[in-house]
Each structure stands twice: as structure tokens, then as C-alpha cells.
**Student:** 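So that we are looking at the same thing, I have put the structure below in C-alpha cells.
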Amino acid sequence: MTIHINKLLTNGKAIFLAYDQGLEHGPSDLNMKNVDPNYILDIALEGHYNGVILQHGLAEKYYQDYYKDIPLIVKLNGQTSITKMEPISKKLCTVERAIKLGADAVGYTIYNGSENEDEMMAEFSKIVDTAHDYGLPAIIWAYPRGKFVPDPMNTNLLAYCARVAAELGADIVKIKYNGDFEGFKWVMKNAGRTKVVISGGSKLEPIEFLHKTHEVMQIGASGLAIGRNIWQHDKPFSLTKAIQAIIHHDKTVDEAKKFLE
Ligand code: FBP
């Protein structure tokens, strides 16, 4: 079974542009400019991202031929932030539909520590099986959350989630960085052959974001899957170039920050 992961990587590294926040967080993340999916797809295309992450509806309406040079990652599950129930993210799209939409990979969130984690783990396990049959990589968003999770940024818990992603056959795991430089090496180690990309989080000062990027790359991350830090920024291309300098060209923060000037 050949899994076509190289389409998503540049020398083993990747920067993905995430744009499923409209579903996950709602319009409060968006403004008059970035509410338009074409604005995001243009950033992904012109910024040479390794992939863009969309839910199936936006993929169908906006991922036209013009954008086909950007690998598409279809997020297969999701939840809104309107309800406040125990976390569960259910499948909203099949692997087959994602392929029809042009997907090069599929993504799925697992909330380990939720009362509902068993449902998500079982659902992902079927997804990874189908995706791999078609040669598509499967990415887990590993977010510990729910009534059994007092501290979602606990290093051992993040390591556990990275391990679960590896155990379930994910090709890439997307996880939050908690700032524990030494401890996070254990998180990476637990991911084994599953590549680790770091989630962007809410908008930071660009320099702070470059430091975070540099730090996670030093620990051994394969890159980032980011959204708000890019498309809420008024100069998304300069920050993109600065991040690429660190991730794809091994530059220091001082060297990379020149792209911000
Ligand atoms: P950001 O870089 O904007 O944080 O996006 C990454 C992401 O994983 C999105 O794919 C997803 O919509 C969101 O974060 C989920 O965030 P939350 O932690 O609030 O569930």
C-alpha cells in the first residue's frame, strides 16, 4: 500500500493553511476580507502552501481548477462552538466524497479525554483504512478535551495523544505546542513515524509566532498547520515568507524577521 504523503511535503516539511474555523469557531474569527474563501485560497496558492484545509462544502464551491496546484486536505469531521456538550466531532464527509472533491489527504479531530473519545477513535480507524486503500494520507487533529481533561496542555497528556495518533495509523498528527521545550521532545518521540505538525492557535504578535515556529522546529516538528495567525494578519504574505524561511530554509528568527519589514 503506497500512501502519497510526499505531495504534501517539501523535503519532509510542511506548512498547511487551515480554514475550517468558520465551522469550528464561527464568524467571530472572520472579517470582511477573510470571510471570503477565495481570499484564503489565493494566499495558499500565491504563498506556496503545502496544502489548504477545508470542510467539504467550501471545497466543493471554491476549490476550482485554478487552485488545483495547492494540495487539498478535506476535514472530515467538525463541530460548532454553539453547543457546550461533552466534546464530540462527528463525521460530516466520507473519504470517497473528499476524493471526488480533489482531496490529497483527509483530516479528522479526536478529542481524547472526552466521554465520546471511543466513538471518534472508532470512526477514525475506519477512515484511515479507507483513505489508505486509496493512497491518501490521514491526519489527526489531536486535541485532548472534555470532562476527564483538567489541563489540555499537560505534556504527558499531549504525548499520550500523539501516541494514540500513531497507534491509530495517522500519517500526520496536528497538535498544540505547550511551550515545554524539553518535555515536548517526549511528545514527538511518542508520535514515532507519524509526522508532527503544530497547530497555530489564536493570533500572536508575528515575532512571537516566529519564535514559537523556530522552537518547535528545533524540537523536531515537521511544520505547522496554521490559520488565524496568517489570514487575520494584515500582511499574510510577509509572515508566510518569514515562516517558510524558518521551516523550509532553516533560518534563524533574526534572519526570518527581515521578511516582516
Ligand atoms: P488556527 O491556526 O487558527 O488555530 O487553526 C488550527 C485549527 O486546528 C483549525 O483547523 C481548527 O478550526 C481550530 O484550530 C480548532 O481550534 P480549537 O482549539 O478552538 O478547537
Side-chain angles (χ1 to χ4, degrees), residues 8 14-31 33-35 37 39-41 43-44 47 49-59 71-90 92-93 98 103 105-114 116-117 120 124 138-146 149 151-154 157-158 161-162 165 170 172-179 196-206 208-210 212-213 216 221 223-233 236 239-240 243 247:
L8 300 176
I15 311 173
F16 302 126
L17 192 61
Y19 190 62
D20 60 334
Q21 292 82 348
L23 181 95
E24 298 286 333
H25 301 156
S28 59
D29 271 0
L30 305 172
N31 60 30
K33 208 149 63 169
N34 61 33
V35 71
Y39 177 71
I40 305 316
L41 282 157
I43 296 174
Y49 276 80
N50 292 91
V52 64
I53 299 162
L54 299 175
Q55 278 284 348
H56 62 98
L58 295 192
L72 173 67
I73 300 161
V74 174
K75 185 75 197 312
L76 298 186
N77 65 344
Q79 61 158 15
T80 74
S81 57
I82 301 167
T83 58
K84 296 292 168 219
M85 55 194 186
E86 185 64 3
I88 174 129
S89 190
K90 292 214 175 189
L92 306 170
C93 177
V106 291
Y108 187 95
T109 300
I110 296 182
Y111 297 120
N112 281 118
S114 159
N116 302 310
E117 70 160 26
M120 290 173 274
F124 176 77
I139 306 172
I140 287 183
W141 275 228
Y143 290 168
R145 191 170 296 177
V149 180
D151 175 11
M153 291 303 228
N154 175 280
L157 184 58
L158 292 170
C161 293
I172 300 177
V173 58
K174 174 176 189 305
I175 202 159
K176 294 186 184 186
Y177 177 53
N178 63 356
V196 177
V197 296
I198 302 297
S199 192
S202 52
K203 196 169 163 229
L204 299 175
E205 280 304 311
E208 206 184 329
F209 195 76
L210 294 187
K212 171 174 160 172
T213 303
V216 300
L224 299 175
I226 37 169
R228 288 166 287 175
N229 274 283
I230 296 298
W231 45 255
Q232 288 179 350
H233 194 281
L239 185 54
T240 296
I243 292 168
I247 295 182

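One-based numbering, in listed order, for ligands and for the atoms of each. If you read the sequence from its start, that first residue is 1, and numbering goes on from there.
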**Student:** Do the non-hydrogen side-chain atoms of Asp29 and Arg228 ever get within less than 4.5 Å of each other?
**Tutor:** yes
**Student:** Could you tell me whether a side-chain N or O of Lys33 sits under 3.5 Å from a main-chain N or O of Leu30, the two making a donor and an acceptor?
**Tutor:** no
**Student:** Note the single closest protein heavy atom to atom 2 (O) of ligand 1, along with its residue, its atom name and the distance in Å.
**Tutor:** Gly227 N, 2.8 Å
**Student:** What residue and heavy atom of the protein are closest to atom 3 (O) of ligand 1, and at what distance?
**Tutor:** Arg228 NE, 2.7 Å
**Student:** Are any non-hydrogen side-chain atoms of Leu54 and Val74 less than 4.5 angstrom apart?
**Tutor:** no
**Student:** Between the side chains of Ser199 and Tyr177, does any donor sit under 3.5 Å from an acceptor?
**Tutor:** no
**Student:** Suppose we measure from atom 5 (O) of ligand 1 to each protein heavy atom; which comes out shortest, and what is that distance?
**Tutor:** Gln21 NE2, 2.8 Å
**Student:** Under 30°, 30 to 60°, or over 60°: which ring-plane class applies to Tyr19 and Trp231, parallel, tilted or perpendicular?
**Tutor:** perpendicular
**Student:** For Gly201, take its heavy atoms, then give the atoms of ligand 1 lying under 4.0 Å from any of them.
**Tutor:** 1 (P), 2 (O), 3 (O), 4 (O)
**Student:** My understanding is that only one of Glu117, Gln79, Glu86 makes a side chain to side chain donor-acceptor pair (under 3.5 Å) with Tyr111; could you say which?
**Tutor:** Gln79
**Student:** To the nearest 0.1 Å, how far is atom 20 (O) of ligand 1 from its closest protein heavy atom, and which atom is that?
**Tutor:** Arg145 NH1, 3.0 Å
**Student:** Should you measure from each heavy atom of Ile226, which atoms of ligand 1 turn up under 4.0 Å away?
**Tutor:** 2 (O)
**Student:** We want to know whether Lys75 and Thr109 form a side-chain donor-acceptor pair, criterion being a heavy-atom distance below 3.5 angstrom.
**Tutor:** yes
**Student:** Within a distance under 4.0 Å of any heavy atom of Ser199, pick out the atoms of ligand 1 and give their elements.
**Tutor:** 6 (C), 8 (O)
**Student:** So Leu8 and Phe16, do their side chains get closer than 4.5 Å, heavy atoms only?
**Tutor:** yes
**Student:** What's the shortest distance from atom 16 (O) of ligand 1 to any protein heavy atom, and which residue and atom give it?
**Tutor:** His25 NE2, 3.1 Å
**Student:** Considering the heavy atoms of Glu24, write down every atom of ligand 1 situated less than 4.0 Å from one of them.
**Tutor:** 12 (O)
**Student:** For atom 14 (O) of ligand 1, what's the nearest protein heavy-atom neighbour? Residue, atom name and distance, please.
**Tutor:** Tyr143 OH, 3.8 Å
**Student:** What protein heavy atom is closest to atom 18 (O) of ligand 1, reported as residue, atom name and distance in Å?
**Tutor:** Lys176 NZ, 2.4 Å
**Student:** Check whether Tyr143 forms a cation-pi arrangement with Lys176 (NZ or CZ under 6.0 Å from the six-membered ring centre, at most 45° off the ring normal).
**Tutor:** yes
**Student:** Any atom of ligand 1 sitting under 4.0 Å from a heavy atom of Asp20?
**Tutor:** yes
**Student:** Nearest protein heavy atom to atom 7 (C) of ligand 1, by residue and atom, and its distance?
**Tutor:** Lys174 NZ, 3.2 Å
**Student:** Taking only heavy atoms of Ala18 into account, list the atoms of ligand 1 that are under 4.0 Å away from them.
**Tutor:** 10 (O)
